[in-house]
Amino acid sequence: MNELVDRFMVAGDNTTPSLYFLPFNSGNGGHWVLVAMDLSRLMVYYLDSLPGNWSKYPSMKKTVDAAILKFRSKKNYRNRKDITWVRVQCL
């Protein structure tokens with residue numbers, strides 16, 4: 001998680017929309033999910049070819065949420081807005 005936060009820190013001010021992509025392996029037979037994070041809007045988009053929502057991957061959500069909150073704390077962002085997770089349909 002610290003490596004992810006460090007990457008956020010060197011990427012600029014993060015006040016304009018930009019996406020950070022993170023491939024995530026579920027560990028369930030090698031299934032991969034792609035996570036796209038928009039730090040300026042506190043939006044996380046995840047692309048999963050299997051049905052369901054992020055609750056199938058609690059470690060993914062925990063890691064991403066923690067990294068975003070730690071980054072915002074290091075930048076002294078005071079906005080307490082919740083992180084929004086959006087599932088992007090994959091065909």
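These numbers come from the heavy atoms of this one structure, side chains and all, not from hydrogens, waters or symmetry mates. A quick note: this is a predicted structure, and the numbers were derived from the prediction, not measured.
- One distance of note links CG of L19 with CG of D38; it measures 5.5 Å at 0.5 Å rounding.
- Note that CE of M37 is 5.0 Å distant from CG of L22, once rounded to the nearest 0.5 Å.
- Applying the side chain to side chain contact (heavy atoms under 4.5 Å, CB included) criterion to L34, with sequence neighbours excluded, gives F21, L47.
- Among all heavy-atom pairs drawn from V86 and M43, the shortest one is CG2-CE, 3.6 Å.
- No donor-acceptor pair closer than 3.5 Å links the side chain of K61 to the backbone N or O of W85.
- Scanning for side-chain hydrogen bond (donor to acceptor under 3.5 Å, both in side chains) contacts around S55 gives N53, with sequence neighbours left out.
- Follow the hydrophobic side-chain contacts under 4.5 Å out from L39 and you reach L69 in the same cluster.
- In this structure, W32 is not a member of the same hydrophobic cluster as L50, with clusters built from ILVMFWY side-chain heavy atoms closer than 4.5 Å.
- With rounding to the nearest 0.5 Å, the separation of OH in Y57 from OG1 in T63 is 14.5 Å.
- Residues satisfying the side chain to side chain contact (heavy atoms under 4.5 Å, CB included) test with S49, not counting sequence neighbours, are H31.
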### Message
Determine whether L42 and T84 satisfy the following criterion, side-chain contact (heavy atoms from CB on, under 4.5 Å), listing intermediate values before the conclusion.
### Response
CA-CA 6 Å; L42 287 179; T84 302; over 6 Å; no
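- Distance CG/D48 to CE/M60: 7.5 Å, rounded to 0.5 Å.
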